[in-house]
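The residues of the chain are indexed from 1 along the displayed sequence. Source: prediction; values computed, not measured.
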Amino acid sequence: MSVIILGIESSCDDTSAAIIQDGVLLSNVMAGQDVHREYGGVVPELASRAHQQNIVPVVDMAIRKAGIDKKDIDAIAFTRGPGLLGSLFVGVFFAKGFALARDVKLIDVNHLHGHLLANFIRHKDVDRPVPEFPFLNLTVSGGHTQIVLVKDYFDFQLLGQTIDDAAGEAFDKAAKIMGLGYPGGPVIDRLAQQGNPQAFHFPMPKIQGVNFSFSGLKTSFLYLVRDRQAEDPDFIENNKVDLCASFQKVIIDFLLAKLRRAVRETGIKQVAIGGGVAANSELRRRLQEMADKEGWKAFIPERKYTTDNAAMIATTGYYKYLKGEFVGQDVVPLARWKV
Ligand code: KG4
Ligand code: ZN
């Protein structure tokens with residue numbers, strides 16, 4: 001029996017829809033939101049409004065690209081949380097309306113569960129290695145930074161997480177200080193490629209276990225820029241690429257040091273990454289380099305499946321469908337929801 005699932009993602013500032021048939025992705029359509037760029041961060045009210053404008057055309061295009069008909073869809077999987085409530089509402093209510101109108105099953109998906117399973121997104125005729133259970137997953141996004149022991153599609157153990165900002169926020173805040181716009185991660189990634197990572201020194205945060213902390217790092221970046229600008233008003237402009245490379249380096253050093261510690265503590269050498277920061281070129285390169293050196297097996301999703309996307313939601317929805325985990329019309333979005 002063939003199962004076709006429509007996946008919806010709307011937890012932050014990306015509206016995305018995907019179609020998956022028997023676990024194989026047929027389409028994945030995304031609409032980003034440029035409106036936040038000038039504000040240096042996501043403005044929840046504007047995000048919600050943009051989702052309302054984008055959701056119908058995005059779903060429509062996903063269905064068309066998949067080459068299926070609306071009536072072929074057996075279930076709709078949607079991001080229930082965590083995220084911005086106003087953004088989640090749009091996806092959740094679209095899903096409920098669609099399920100009611102077409103009399104199909106509803107599957108609620110935890111956004112972080114989606115990031116954890118991003119390496120399981122499958123394409124027709126593409127044989128990509130997938131992690132075996134158990135594996136370690138470093139989730140690094142704009143809202144989360146955590147290392148999770150993934151024992152099964154549905155069985156996770158949180159080993160450590162950030163006690164303050166997320167890694168993506170550190171990128172975004174440094175970019176804001178340099179006037180580089182939002183989101184900052186991709187810009188820093190690009191500029192860092194021309195910079196010297198040794199040019200400036202930022203102390204590695206000290207925090208127990210496999211936990212993370214990024215707020216001190218952001219403050220030391222702010223102070224360095226402020227102090228040097230007092231001497232040279234063009235300091236940022238003249239040192240932009242080196243600032244980007246040096247700041248990026250300490251974040252990656254920190255992430256990889258914690259990951260190495262998690263591997264040592266658990267003895268598990270299958271390591272995956274996910275979340276928007278996993279799109280970072282240098283993190284991808286250095287994780288692979290470390291894996292080769294330490295004898296780990298690294299799983300790095302395609303870039304488009306690291307940032308928020310509905311393909312990971314549809315994929316997670318598929319596994320929940322197989323387990324028979326559905327929700328009713330009384331389901332509500334959850335701004336906070338532990339995976
Ligand atoms: O997973 P995601 O799309 O949304 C959340 O669930 O938060 O992650 C967004 C975050 C932003 O902070 C963005 O700056 C960061 O991922 N990001 C990057 C890169 N691309 C996106 N950070 C570093 N390098 C990148 N290439
Ligand atoms: Zn995300």
Side-chain angles (χ1 to χ4, degrees), residues 5 7 9 11 14 16 18-28 30 77 79 107 109-159 161 167-168 210 252 255-256 258-260 262-263 266 268-281 283-292 294-323 339:
I5 296 173
E9 158 62 30
S11 66
D14 292 297
S16 180
I19 300 284
I20 187 173
Q21 180 169 25
D22 299 328
V24 176
L25 190 71
L26 301 183
S27 66
N28 179 53
M30 327 256 310
T79 301
I107 304 167
V109 174
N110 183 309
H111 180 80
L112 294 167
H113 194 172
H115 278 306
L116 288 178
L117 298 187
N119 279 292
F120 293 89
I121 296 170
R122 277 200 287 135
H123 293 95
K124 193 166 180 265
D125 303 328
V126 180
D127 204 12
R128 217 169 186 273
V130 293
E132 280 167 29
F133 300 115
F135 68 91
L136 295 178
N137 195 97
L138 171 67
T139 310
V140 270
S141 72
H144 297 86
T145 299
Q146 54 188 33
I147 298 181
V148 178
L149 169 57
V150 184
K151 300 178 187 170
D152 177 8
Y153 294 112
F154 299 97
D155 190 3
F156 318 116
Q157 185 186 339
L158 181 66
L159 300 182
Q161 62 184 329
V210 291
I252 297 174
L255 293 174
L256 293 183
K258 293 295 184 176
L259 201 49
R260 189 201 270 130
V263 170
T266 60
I268 294 169
K269 293 189 171 183
Q270 293 209 81
V271 178
I273 51 170
V277 179
N280 185 272
S281 336
L283 175 59
R284 298 167 77 89
R285 189 189 69 73
R286 286 193 46 202
L287 172 61
Q288 191 57 59
E289 187 181 79
M290 181 172 271
D292 294 342
E294 305 264 342
W296 307 347
K297 200 155 186 317
F299 297 89
I300 304 174
E302 280 181 60
R303 262 205 179 80
K304 59 180 179 228
Y305 302 135
T306 56
T307 48
D308 291 348
N309 66 85
M312 68 184 192
I313 303 303
T315 298
T316 308
Y318 174 66
Y319 289 108
K320 289 191 89 167
Y321 184 98
L322 296 182
K323 233 178 141 205
V339 70

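- Within 6.0 Å of the CG atom in Asp127, the count of heavy atoms belonging to other residues, nucleotides or ligands does not exceed 12.
- Outside the 6.0 Å centre-distance limit, the rings of Tyr305 and Phe299 are not counted as a close aromatic pair.
- Applying the ring pair (Phe, Tyr, Trp, His ring centres under 6.0 Å) test between Phe133 and each of Phe156, Phe154, Phe120 identifies Phe120 as the sole match.
- Side-chain contact check for Met290 versus Val271: every heavy-atom pair is 4.5 Å or farther apart.
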For the pair Leu136 and Leu159, evaluate side-chain contact (heavy atoms from CB on, under 4.5 Å) and give the outcome as yes or no after the intermediate values. CA-CA 9 Å; Leu136 295 178; Leu159 300 182; 3.7 Å; yes

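- In this structure the side chain of Val148 never reaches within 4.5 angstrom of the side chain of Leu112, judged on heavy atoms.
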- Mind running side-chain contact (heavy atoms from CB on, under 4.5 Å) on Arg128 and Glu302 for me, showing each step along the way? CA-CA 10 Å; Arg128 217 169 186 273; Glu302 280 181 60; 4.0 Å; yes

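- The side-chain heavy atoms of Val140 and Asn280, taken from C-beta on, include no pair separated by under 4.5 Å.
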- [ ] Under the side-chain hydrogen bond (donor to acceptor under 3.5 Å, both in side chains) rule, what do Glu9 and His111 come out as? Steps first, then yes or no, please.
- [x] CA-CA 8 Å; Glu9 158 62 30; His111 180 80; 3.0 Å; yes

Go through it in stages, so that I can follow the logic: the residues are Thr315 and Arg122, the test is side-chain hydrogen bond (donor to acceptor under 3.5 Å, both in side chains), and I'd like the CA-CA distance, side-chain angles, deciding distance and then a yes or no. CA-CA 8 Å; Thr315 298; Arg122 277 200 287 135; over 6 Å; no

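- With Asn28 contributing its side chain and Ala311 its backbone, the two residues share a donor-acceptor pair below 3.5 Å.
- Counting only heavy atoms from C-beta outward, the side chains of Val263 and Lys269 approach each other to under 4.5 Å.
- In this structure the side chain of Ser281 reaches within 4.5 angstrom of the side chain of Arg303, judged on heavy atoms.
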